[in-house]
Amino acid sequence: MNIFEIYLEKIKNIIVKLSKENQIVIPDNLNSINVDIPPAQFKCDISTNVALVLSKINKQDPFELAQNLSKLIKNKDKNIDTINVAKPGFINIKFNNFFWNDFSKKVLNLKDEYGSNTKGKKLKYLIEFVSANPTGPLHVGHCRGAILGDVISNILIFNNHNVSKEYYVNDHGNQIMNFTKSVFFRIREIKYGEKFPTNNNELYPGDYIIDIAKDIISKKIKLEFDDFDKISNKLKKLAIEQSLLMIKSNLKNLGIFHDNFQSETKIIENKEVQLVIDLLKKKKFVYEGKIEAPISEDNKDWVERKQLLFKSTDFGDDKDRALQKSDNSWTYFASDVAYHNNKINRNFDILINILGADHAGYIKRITSVVEALSNEKNKLICKVSQLVKLIKDNKPFKMSKRKGDYITVEDLINQVGKDATRFIMLSRSSDVELDFDFDKVKEKSKENHLYYVQYCYARICSVFRKINKDINEDVENISYDFNYGEEEIKILNKISQWPKHVDIASKKLEPHRIPVYLYELASDFHSYWNMGRDDKKKRFIDEDNKIANDKLVFLKIISNTIKIGMQIVGVNTPTKM
RNA sequence: GCGCUCUUAGCUCAGCUGGAUAGAGCAUCGGUUUUCUAAACCGAGGGUCGAAGGUUCGAAUCCUUCAGAGCGCGCCA
């Protein structure tokens with residue numbers, strides 16, 4: 001029930017027919033023809049640029065062409081009230097009451113599927129997000145990407161795609177060793193009263209390491225904590241297990257659940273790295289060579305040497321990328337190459353990676369690898385979420401790695417709650433930095449968009465409560481002979497735009513469009529609600545505590561649309577506030 | 001130095017798969033509650049869409065150059 005799509009189809013059919021009858025010429029590609037939301041001042045429901053697109057190729061005045069086409073569009077269409085041609089050659093269509101009756105009925109019947117694109121091809125997506133190192137709890141920095149990935153998944157699922165959500169666990173490498181060592185020292189601290197070394201800045205000082213140490217001790221596993229090297233592998237497994245539990249609990253509190261946790265170690269143990277590098281060698285994308293020293297400040301200790309490199313410059317990267325370290329172990333990149341090959345072999349149509357802004361420089365090489373391996377150009381799509389600037393007491397709040405000086409997801413949820421966190425993290429495009437103001441987030445006003453939208457839903461629920469109806473029950477057995485006025489149609493019109501916003505959000509992987517739309521819809525509704533003060537006809541319940549059928553359907557489809565949207569965002573719609 | 005992202009009202013941002021007179025919120029000023037939720041609503045002022053070129057019938061949107069901000073640029077992960 002996307003009226004923009006329906007009319008686009010109709011218009012395309014008309015011009016294709018005309019071209020077959022040799023009455024007009026049409027371009028091979030009709031993609032630039034659109035049916036869009038007209039600016040408010042034109043007081044119509046949809047508009048199209050067909051005439052403007054066709055005028056040049058037909059050497060005809062667009063205004064005149066538009067007039068001719070509009071006659072054909074209007075012809076026998078029982079939905080159209082008026083059809084006008086505006087200045088350069090836009091065709092503006094206003095629907096009649098019959099249409100809005102029919103529209104409200106259809107939306108009502110679609111229930112929680114309204115806005116979902118059921119026509120498109122069903123694709124298999126793999127979306128990798130969060131993938132934070134399992135060396136500690138999630139902090140605010142991870143939060144935005146986590147929510148972004150989750151809601152992109154929700155949108156794709158809503159549009160009938162198949163989505164697998166994955167977390168890549170970097171349980172291999174130096175960081176993990178440092179982390180394990182930290183746990184080791186904490187265990188010795190607890191067991192033998194040895195002081196945790198403070199002079200080693202490779203170690204993780206955070207208090208959560210103590211918790212992990214305690215948890216491991218409480219398991220009473222037979223393990224001697226005297227020689228780190230002897231037990232490092234066993235302890236590593238235990239420590240990672242604990243920190244993953246912590247991370248999963250953080251994610252759960254954000255309302256996020258992954259389908260799969262893919263271990264880096266497993267990929268290395270399965271020899272998948274060697275396999276993929278052989279494969280790339282065969283394709284001539286891997287060679288032995290030298291790369292230049294990095295430009296960063298302290299590259300004095302840079303030793304130029306021959307090493308195994310991936311030819312990412314073939315795909316437009318600045319330089320080729322190292323696959324092997326000097327001790328012959330694989331680089332992080334190498335195992336990630338194997339991981340992506342693993343993804344490709346699982347036969348997904350599209351791979352999506354959600355990355356933090358600090359990893360944006362990594363995109364080129366990884367998309368290059370995926371292209372080299374799959375021979376498909378846009379197989380892997382990387383979305384970057386920009387930084388979150390924390391603001392407390394009107395001042396930027398800087399997080400540092402020093403102990404206790406960073407805000408975890410847990411802190412965030414305890415202070416502002418899951419829903420507000422989700423809604424605000426999504427309220428801006430992922431391409432721009434986001435100010436996260438602790439004080440404003442907790443405010444319960446228009447400033448806080450979550451409450452503004454929830455309040456709209458709660459207001460509708462209050463009407464249902466008043467007349468002893470259940471908001472979740474279906475509206476049935478109603479004859480549709482409503483006569484909606486201008487104000488109601490304004491909102492119905494807004495609702496008609498919902499599928500279009502979902503569609504763009506889905507195609508461009510831009511979830512912020514959903515909260516932005518919901519805010520606008522809520523605003524229209526609040527506005528309507530307040531009309532009831534001056535105009536009794538605008539109130540939902542009459543003197544006899546009854547509601548008219550048109551008002552009932554009206555409320556039902558508004559609340560329905562809000563609920564669908566809020567479910568995609570992953571927040572609650574309380575019935576009372 | 002190179003790469004990615006950003007630059008729209010005093011502030012925070014929508015709008016960008018090219019379209020018509022560029023929209024919200026906050027802040028400022030002025031109003032609304034015998035009424036289904038005032039966590040709300042209505043009104044007013046506020047703009048060279050960073051700058052300059054280009055493509056186009058048409059540019060905030062696409063391209064080029066420049067300026068400013070953020071992030072990144074290791075055999076780290």
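The sequence lines fix the lettering, A, B, ..., with proteins before strands; numbering per chain opens at 1. Every value quoted in this text rests on a predicted model; they were computed, and no experiment measured them.
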Got a sec, which residues hit ring-ring contact (aromatic ring centres under 6.0 Å, His included) with A:Tyr208, two or more places apart in sequence or on another chain?
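Per chain and number, A:Tyr208 pairs via ring-ring contact (aromatic ring centres under 6.0 Å, His included) with no residue.
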Over all strands shown, is [X] touching base, sugar-phosphate only, or nothing at heavy-atom distances under 4.0 angstrom?
| X | value |
| --- | --- |
| A:Lys507 | nothing |
| A:Asn170 | sugar-phosphate |
| A:Lys536 | nothing |
| A:Asn31 | nothing |

Taking Watson-Crick and G-U wobble pairs with both distances under 3.5 Å, convert RNA chain B into its dot-bracket string, 5' to 3', dots for unpaired and | for cross-strand pairs.
(((((((..((((.....[...)))).(((((.......))))).....(((((..]....))))))))))))....
Taking only nitrogen or oxygen atoms into account, show me every contact under 3.5 Å that the protein makes with nucleotides 27-33 of chain B, one pair per line with its distance.
from	atom 1	to	atom 2	distance (Å)
B:U32	O2	A:Arg533	NH1	3.0
B:U32	O2	A:Arg533	NH2	3.2

Ion pair check, A:Asp171 and A:Lys236, cut-off under 4.0 Å
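A:Lys236 and A:Asp171: not salt-bridged.
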Do A:Lys343 and A:Glu128 sit within salt-bridge range, that is, some charged N less than 4.0 Å from a carboxylate O?
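A salt bridge links A:Lys343 with A:Glu128.
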I'd like the C1' distance from B:C11 over to B:C36, given in whole Å.
36 Å
Rounding to the closest angstrom, what is the interatomic distance between B:A38 and B:U12 at atom P?
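Straight-line distance between the two P atoms is 32 Å.
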Heavy-atom nearest nucleotide on RNA chain B for A:Trp529 versus A:Leu387: which residue maps closer to 5'?
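By nearest-heavy-atom nucleotide position, the 5'-most residue is A:Trp529.
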Given the structure, check if the side chain of [X] and the base of [N] hold any donor-acceptor pair shorter than 3.5 Å.
| X | N | answer |
| --- | --- | --- |
| A:Ser527 | B:A40 | no |
| A:Arg305 | B:C75 | yes |
| A:Asp358 | B:G72 | no |

What is the separation between atom CD on A:Glu264 and atom P on B:C76, rounded to the nearest whole Å?
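Taking atom P of B:C76 as the reference, CD of A:Glu264 is at 11 Å.
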side-chain N/O A:Lys87 vs B:U21 OP1/OP2, d < 4.0 Å:
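True: A:Lys87 side-chain N/O within range (under 4.0 Å) of B:U21 OP1/OP2.
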Near RNA chain B, which residues from residues 322-337 of chain A have a heavy atom under 4.0 Å away?
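Per residue number, the list reads A:Ala322, A:Lys325, A:Ser326, A:Thr331, A:Tyr332.
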Show me the protein contacts with nucleotides 11-14 of chain B, counting only N or O atoms at under 3.5 Å.
from	atom 1	to	atom 2	distance (Å)
B:U12	O2'	A:Arg428	NH2	3.3
B:C13	OP1	A:Glu433	O	3.2
B:C13	O2'	A:Arg428	NH1	2.7
B:A14	OP1	A:Ser429	N	2.9

Please list each protein N or O that sits under 3.5 Å from an N or O in nucleotides 56-65 of chain B, with the distance.
from	atom 1	to	atom 2	distance (Å)
B:C57	OP1	A:Lys56	NZ	2.5

Hey, are the side chains of A:Val369 and A:Arg321 touching, using non-hydrogen atoms and a 4.5 Å cut-off?
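SC-SC contact between A:Val369 and A:Arg321 ruled out.
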Return yes if a side-chain donor-acceptor contact under 3.5 Å exists between A:Asn117 and A:Lys507, otherwise no.
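Checked: A:Asn117/A:Lys507 side chains show no N/O donor-acceptor pair below 3.5 Å.
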Stacking check A:Phe90 vs B:A20 (5.5 Å / 30 deg)
yes
